[in-house]
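Whatever order the structure lists ligands and atoms in, that order sets their numbers, starting from 1. Index from 1, following the sequence.
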Amino acid sequence: MLSAVTVPTVPHEGQKPGTSGLRKKVKVFLQENYTENFIQSIIDALGKDVVGSTLVVGGDGRYLVKEVVDLIIKISAANGVSRLLVGQNGILSTPAVSCIIRKYKTLGGIVLTASHNPGGIDNDFGIKYNCSNGGPAPDQTTNEIYKLTTAIKEYKIVPELKCAIDKIGVQNFTVEGKPFVVEVIDSVRDYVDYMKEIFDFPLIKRLIQGSEQRKPFNVLIDSMNGVTGPYVQRVFVEELGASEKNVRRVVPLEDFGGAHPDPNLTYAADLVNAVKSGDYDFGAAFDGDGDRNMIIGRGAFFVTPSDSLAVLANNLHHIPYFQRTGVRGFARSMPTAAAVDRVAAAKGQEMFEVPTGWKYFGNLMDAGRLSLCGEESFGTGSDHVREKDGLWAALAWLSVLAATGKSVEDILKSHWAEFGRNYFTRYDYEECASDPCNEMMQVLEKRITEPGFVGSAHDSADKTYVVKLADNFSYMDPIDQSVSMKQGLRIIFEDGSRIVMRLSGTGSSGATVRLYIDSYEAKNVVGDAQVMLRPLIDVALQLSQLPQYTGRDAPTVIT
Ligand code: G16
């Protein structure tokens, strides 16, 4: 029989979860009792429900995942959890955790990831808690976890518990006279079984392999050495008949092979170049933990995440899951371009605008009012799980391409011809000094909320923008009436163009400023976004004084 011991500890500062969990440098997590404190605080926040419960545990394969899985096993055992479902070698994508929590109706799950942030001993790690609906914990829960971290005095652990996580199977232990079970599960199986229910795999297979009527549709799928590697291998190569040449970087590595596993035009430039110079009809990349996606077409034709959401919203009827469930509402995060709003209006669907963070979609989905949602930060997903889902998005696109017989570019162009186009860009200024950025945001907020700002005119190039509304966005959840304040500064102009500015909640050090620009054109739909949006970008830089505050004359990433 194994015994639990109680270890005295003292609080560590700064364990406040951000947009999606606690993300810090690996070396911060390696401080004495830092990780133990946070895990114990998560468990304490669950209250008495934890005794006798089942939790899912897995992560994106980055440096420290295996060690922290081991700690979670030992601390869970000491705190009365009965059973853990652990991905083999600690590997589970974020959407797979969500799928498994829902399928096996567990109390929740712990996801070990810093998402799209780089991995390795000098880079980032993260821990987040997902609830029984499979979604990231809401603010009330993360606030409670944080509160507990500030007062923690001890944690409980079973130091002698040795559990191998490299082999699939059930391992039984007795802890303090009670049974404790660790079930090491196939990281991929439940998720892939679910994708086969959602999509018409034979249809997508005919697209990829070609038929008498149509030549093979050549795809290039890039896992960026993140967690999706084994999922992509199973889905694309084993199930959909793609060849090894159609997939790249499918081995999860602790440091992502040195890559920054963020699927955008900057960090997935390798994929973009390969598709541009090769004979490919479609490219997709996913981030470290598999919830983000980037979609490109032949010649590396780029689909913005905001457009991707709008196109899928307009084409859900091609996907078997929605043929069965019907479609009930769309949503996007506030900074995401409003292209999907036009589809919602045309289809008579309810439309929601929530703060940045996938956790804000969960209540709407649970209430049956939301089927499809997305964010400009390369997140797309549906109510099939409660996380955004990169592989799902690629399969959704392939379903639409197979059903319509069109190219990616043709689908976009006909979409813009029908609905008009929301030109969109995001400028990121990464790892700036925090204090000047905080000051910049305060000064800008003061300026845009002063009397007289609404109605003021701002000239740039040959354009004049007149302010219609300006505020720090706040949101009341229509289901539980909880209010989230100060979710980003927005300036909305009379013509519907928008400037949005906020500080990222996912960086691990310093401040990352995000500037979002969105402008609608009904007819002029095939221009270059950077050219079309230049006047509004200049207005934003001038109003915010961003170059002066950050010392930067250019963003680090443009998407
Ligand atoms: C997380 C959240 C997303 C959010 C993104 C960016 O994604 O789940 O909802 O849009 O962060 O947040 P921020 O602008 O605060 O950095 P992920 O993929 O990092 O888990």
Side-chain angles (χ1 to χ4, degrees), residues 16-24 59-60 62 93-95 97-98 111-119 123-130 134-139 142 224 226-228 260-264 267-268 285-294 305-306 309 331-337 352-362 364-365 373-381 385-393 426-432 437 441 473 475 484 486-489 500-516 555-557 559:
K16 188 169 175 56
T19 309
S20 200
L22 182 68
R23 293 184 189 166
K24 300 280 177 198
D60 62 8
R62 72 178 58 224
S93 76
T94 293
V97 172
S98 190
V111 197
L112 305 175
T113 175
S115 185
H116 53 289
N117 295 352
N123 288 307
D124 296 7
F125 187 72
I127 304 180
K128 78 170 175 174
Y129 182 70
N130 280 29
D139 289 338
T142 54
M224 301 187 84
V227 75
T228 58
H260 189 144
D262 197 0
N264 59 42
Y267 295 127
F286 312 115
D287 71 336
D289 64 327
D291 55 2
R292 297 183 176 208
N293 76 92
M294 176 177 77
S306 305
L309 173 63
R332 61 172 171 80
S333 64
M334 181 273 281
T336 303
F352 302 94
E353 183 182 37
V354 309
T356 295
W358 206 262
K359 57 192 170 195
Y360 295 105
F361 296 125
L364 294 165
M365 287 182 179
C373 51
E375 296 187 277
E376 50 64 42
S377 55
F378 294 81
T380 326
V385 289
R386 295 293 181 273
E387 288 277 7
K388 55 191 187 273
D389 189 343
L391 203 57
W392 176 94
R426 184 177 104 183
Y427 280 21
D428 292 340
Y429 301 80
E430 297 173 311
E431 300 203 13
C432 298
C437 291
M441 297 299 285
F473 180 66
Y475 173 71
S484 306
K486 297 192 179 291
Q487 297 294 321
L489 303 180
V500 174
M501 211 165 178
R502 56 183 283 281
L503 299 180
S504 160
T506 57
S508 61
S509 57
T512 291
V513 184
R514 303 208 194 282
L515 169 63
Y516 314 79
T556 27
V557 178
T559 46

Suppose I only count heavy atoms of [X] and a 4.0 Å limit; which atoms of ligand 1 are within that range?
{"X": "S377", "result": "4 (C), 5 (C), 10 (O)"}
{"X": "G505", "result": "13 (P), 15 (O), 16 (O)"}
{"X": "D291", "result": "18 (O), 20 (O)"}
{"X": "R514", "result": "13 (P), 14 (O), 16 (O)"}
{"X": "R502", "result": "13 (P), 14 (O), 15 (O)"}

Exercise. Give a yes or no on whether the backbone of F286 and the side-chain of T228 come within a donor-acceptor separation of less than 3.5 Å.
Key: no
Quiz item: When you measure from the side chain of R62 to the backbone N and O of S115, does any donor-acceptor pair fall under 3.5 Å?
Solution: yes
Quiz item: So, R386 versus S98: side-chain donor-acceptor pair below 3.5 Å or not?
Solution: no
Exercise. Assess the side chains of D428 and T512: does a donor N or O sit below 3.5 Å from an acceptor N or O?
Key: no
Self-check item: Shortest reach to atom 8 (O) of ligand 1 by a heavy atom, considering only E387, K388, R292
Solution: K388
Quiz item: When K128 is tested against each of L22, T142, T94 for side chain to side chain contact (heavy atoms under 4.5 Å, CB included), which residue passes?
Solution: T94
Sub-3.5 Å N/O-N/O distance, [X] and ligand 1:
{"X": "S115", "value": "yes"}
{"X": "W358", "value": "yes"}
{"X": "H116", "value": "yes"}
{"X": "L503", "value": "no"}
{"X": "E376", "value": "no"}

Check [X] against ligand 1 and report side chain, backbone, both or neither, counting heavy atoms closer than 4.0 Å.
{"X": "K359", "answer": "neither"}
{"X": "D289", "answer": "neither"}
{"X": "R23", "answer": "side chain"}

Self-check item: Protein heavy-atom partner closest to atom 9 (O) of ligand 1 - residue, atom, separation in Å
Solution: E375 OE1, 2.4 Å
Quiz item: Among protein heavy atoms, which sits nearest to atom 11 (O) of ligand 1, and what does the distance come to when rounded to 0.1 Å?
Solution: T506 CG2, 3.2 Å
Self-check item: Parallel, tilted or perpendicular, as decided by the 30° and 60° cut-offs, for the rings of Y360 and Y475
Solution: perpendicular
Quiz item: With a 4.0 Å cut-off on heavy atoms, is S333 touching ligand 1?
Solution: no
Quiz item: Under 4.0 Å between a Lys/Arg side-chain N and an Asp/Glu carboxylate O for E375 and R332?
Solution: no
